[in-house]
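Right, one structure below, let's go through it.
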Amino acid sequence: MTDIEITADLVRDLLHEQHPDLAGLAIREVPGGWGNQMWRLGDELAVRMQRMDPTPELQLKERRWLPLLAPHLPLPVPVPVRYGEPTERFPKHWTVVTWVPGEPLDHGSIIHGDHAADTLAGFLRALHVEAPAEAPIAADRGAHPKHCTDGFENFLQAVALDGITADVRAVWDDAVAAQAWEGPRVWVHGDLHPANVVVSDGTLSGIVDFGDMFAGDPAWDLAAAWVLLPAGTASRFFDTYARADEAAIRRARGLAAMKSLFLMLMGQNGDRGLPGGKPHWGPVGRAALDRVLKGV
């Protein structure tokens with residue numbers, strides 16, 4: 001299925017077939033995206049086309065839950081407004097969502113660190129509410145760090161770290177030793193990294209890609225204190241968030257180390273020309289790892 005070329009003409013034809021009132025809007029490709037390819041539709045909408053994701057589950061999850069969550073969130077998120085169903089020409093799912101203005105952080109920067117820390121903390125306070133019993137459970141993330149050690153070790157071995165390997169492993173070991181989450185299962189974005197948030201005017205202005213959303217341990221999102229925010233602002237973030245105990249911060253810091261290594265690996269893969277690699281993620285991941293090692 002990955003050999004289907006997704007073009008503006010294909011997007012327009014699908015709109016003509018299923019949502020003809022939208023087919024006259026301007027269509028332009030949005031760079032980036034892996035599991036889904038994004039097309040800007042007019043000024044206020046976008047089309048997410050299932051591309052590398054092997055199943056439609058991530059899009060279907062966003063369709064079900066984001067319209068319920070979005071009204072309670074203080075930042076713009078891509079709310080599904082129209083559904084595209086598989087056809088013979090494009091036998092995958094696609095969704096029309098609201099456009100979240102701004103520039104992805106992996107191509108932008110945060111200048112106003114304190115403002116961004118307060119903004120992210122406010123967003124996560126609003127998101128991290130108890131989820132209903134039928135909320136999705138994470139498939140490949142969401143577990144206590146002690147259950148993710150194989151993945152961490154794989155990343156650690158794959159990335160060249162220039163003498164800080166022992167320091168990084170110490171952060172991870174501390175997370176593994178931290179007490180597990182004992183609160184209610186709360187909504188978690190699950191994949192907060194620089195390509196999944198947008199910035200405007202030097203600060204955080206939107207959150208995108210909720211395909212990995214699940215109900216569970218908020219530490220998976222709290223790792224963003226180091227992965228997304230500038231150096232020296234993690235402490236302010238946790239003060240504003242005000243719900244993370246010592247164990248949650250320790251788990252979050254270890255998970256931030258793992259996420260930073262992942263970004264570095266994707267950068268390394270990009271430097272080598274491997275599929276899915278992103279050369280510009282390498283420096284982003286290394287900067288995040290440096291912040292992790294400095295602590296709160």
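Note: hydrogens, waters and symmetry copies are ignored here, and every other heavy atom, side chains too, is used.
- With sequence neighbours left out, Ala175 forms a side chain to side chain contact (heavy atoms under 4.5 Å, CB included) with Pro145.
- Note that CZ of Arg40 and CE of Met38 are 10.5 Å apart. Values are rounded to the nearest 0.5 Å.
- Atom NE2 of His19 sits in a crowded spot, with more than 12 heavy atoms from other residues, nucleotides or ligands closer than 6.0 Å.
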Side chains of residues 67-81: which donor-acceptor pairs under 3.5 Å do they make with residues two or more places apart or in other chains?
none

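- Considering only residues two or more places apart in sequence or on other chains, His128 meets the ring-ring contact (aromatic ring centres under 6.0 Å, His included) condition with Tyr241.
- Between Phe238 and Trp226, a ring centre-to-centre spacing shorter than 6.0 Å is recorded.
- Criterion: ILVMFWY side-chain heavy atoms under 4.5 Å apart, direct or through other members. Under it, Phe214 and Leu66 are part of a common hydrophobic cluster.
- The backbone N or O of Pro184 sits nowhere less than 3.5 Å from a side-chain atom of Glu130 that would complete a donor-acceptor pair.
- Evaluation of the ring pair (Phe, Tyr, Trp, His ring centres under 6.0 Å) test over residues 160-184, restricted to residues two or more places apart or in two chains, returns Phe152-Trp172.
- Follow the hydrophobic side-chain contacts under 4.5 Å out from Ile110 and you never reach Val208; the two are in separate clusters.
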Passes side chain to side chain contact (heavy atoms under 4.5 Å, CB included), Ile4 versus Phe90? Steps please.
CA-CA 8 Å; Ile4 297 177; Phe90 188 73; 4.0 Å; yes
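- No donor-acceptor distance shorter than 3.5 angstrom exists from the side chain of Asp221 to the backbone of Val188, with no hydrogens or angles considered.
- Take Asp114 and apply the salt bridge (charged side-chain N to carboxylate O under 4.0 Å, His left out) test, not counting sequence neighbours, and it matches Arg236.
- Taken from CG in Asp43 to CG in Leu25, the straight-line distance is 8.5 Å, to the nearest 0.5 Å.
- Counting heavy atoms from C-beta outward, Leu15 and Ile27 have side chains that approach closer than 4.5 Å.
- Between Arg82 and Asp21 there is a salt bridge, since at least one side-chain N of the basic residue sits less than 4.0 Å from a carboxylate O of the acidic one.
- Residue pairs satisfying the salt bridge (charged side-chain N to carboxylate O under 4.0 Å, His left out) criterion with at least one member in residues 280-296, sequence neighbours excluded, are listed as follows: Arg286-Asp290.
- Tracing side-chain contacts under 4.5 Å through hydrophobic residues (I, L, V, M, F, W, Y), one reaches Leu263 starting from Val171; they form part of the same cluster.
- Taking the side chain as every heavy atom from C-beta outward, Thr87 and Gln18 approach each other to under 4.5 Å.
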Between Leu58 and Phe210, is the side chain to side chain contact (heavy atoms under 4.5 Å, CB included) condition met? List the steps.
CA-CA 8 Å; Leu58 303 186; Phe210 284 74; over 6 Å; no
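- With sequence neighbours excluded, the residues that form a salt bridge (charged side-chain N to carboxylate O under 4.0 Å, His left out) with Asp209 are Arg48.
- The side-chain heavy atoms of Ile207 and Val100, taken from C-beta on, include no pair separated by under 4.5 Å.
- Between Gly108 and Val199, the shortest heavy-atom contact is CA-CG2, 4.3 Å.
- The shortest distance between side-chain heavy atoms of Pro194 and Leu228 falls below 4.5 Å.
- Between Asp217 and Gly142, the shortest heavy-atom distance links the atoms CB-O, 4.2 Å.
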Passes side chain to side chain contact (heavy atoms under 4.5 Å, CB included), Arg89 versus Leu10? Steps please.
CA-CA 9 Å; Arg89 183 170 181 194; Leu10 173 62; 3.4 Å; yes
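- At a threshold of 4.5 Å between non-hydrogen side-chain atoms, the residues Pro56 and Gln50 count as touching.
- The distance from the CD atom of Glu246 to the CZ atom of Arg251 is 11.0 Å, given to the nearest 0.5 Å.
- Glu153 CD: more than 12 foreign heavy atoms inside a 6.0 Å radius.
- Taken from CE in Met258 to CG in Asn154, the straight-line distance is 11.0 Å, to the nearest 0.5 Å.
- Side chain of Arg141 to main chain of Gly190: a donor-acceptor pair is present (N/O by atom type, distance under 3.5 Å, no hydrogens or angles).
- The main-chain N or O of Met213 is found under 3.5 Å from a side-chain atom of Lys61 such that the two form a donor-acceptor pair.
- Under the rule for a side chain to side chain contact (heavy atoms under 4.5 Å, CB included), the partners of Thr165 that lie at least two apart in sequence or sit in another chain are Leu156, Leu161, Arg169.
- A donor-acceptor contact shorter than 3.5 Å links the side chain of Arg12 to the backbone of Ala23.
- Formation of a donor-acceptor pair under 3.5 Å by the Gln268 side chain with backbone atoms of Ala158 is found in this model.
- Contacts classified as salt bridge (charged side-chain N to carboxylate O under 4.0 Å, His left out) and involving residues 173-190 (residues at least two apart or in different chains) are given here: Asp174-Arg250.
- Take Ala180 and apply the side chain to side chain contact (heavy atoms under 4.5 Å, CB included) test, not counting sequence neighbours, and it matches His144.
- A salt bridge is defined here as a Lys NZ or Arg NE, NH1 or NH2 lying under 4.0 Å from an Asp or Glu carboxylate O, and Arg63 with Glu85 meets this definition.
- Residues Leu105 and Phe262 are members of one and the same hydrophobic cluster, defined by side-chain heavy-atom contacts under 4.5 angstrom among Ile, Leu, Val, Met, Phe, Trp and Tyr.
- Two residues are said to be in side-chain contact when any heavy atoms from C-beta on lie closer than 4.5 Å; Leu22 and Leu45 meet this criterion.
- Between the CD atom of Gln157 and the CG atom of Leu265 there is a distance of 12.0 Å, given to the nearest 0.5 Å.
- At distances below 3.5 Å, not a single donor-acceptor pair connects side-chain atoms of Trp220 with backbone N or O atoms of Leu192.
- Side chains of Phe155 and Val168 form no contact here, defined as non-hydrogen atoms less than 4.5 Å apart.
- With Glu62 contributing its side chain and Gly211 its backbone, the two residues share a donor-acceptor pair below 3.5 Å.
- One side chain, Gln37 or Glu29, offers a donor N or O that lies under 3.5 Å from an acceptor on the other.
- The minimum heavy-atom distance between Trp65 and Pro136, with the atom names listed, is NE1-CD, 3.5 Å.
- In this structure, the side chain of Thr240 does not engage the main chain of Asp118 through any donor-acceptor pair within 3.5 Å.
- Using a 4.5 Å heavy-atom cutoff, the side chains of Pro132 and Trp187 are in contact.
- Interatomic distance, OG1 of Thr7 versus CE of Met49, reported as 8.5 Å (0.5 Å rounding).
- Hydrophobic cluster membership differs between Val198 and Val30, with clusters built from Ile, Leu, Val, Met, Phe, Trp and Tyr side chains linked at under 4.5 angstrom.
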Test Leu41 against Val96 for side chain to side chain contact (heavy atoms under 4.5 Å, CB included), laying out the working first.
CA-CA 8 Å; Leu41 182 62; Val96 180; 4.2 Å; yes
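- Screening residues 98-113 for salt bridge (charged side-chain N to carboxylate O under 4.0 Å, His left out) gives no qualifying pairs among residues at least two apart or on separate chains.
- Among residues two or more places apart in sequence or in another chain, the side-chain hydrogen bond (donor to acceptor under 3.5 Å, both in side chains) test is passed with Asn196 by Asp191, His193.
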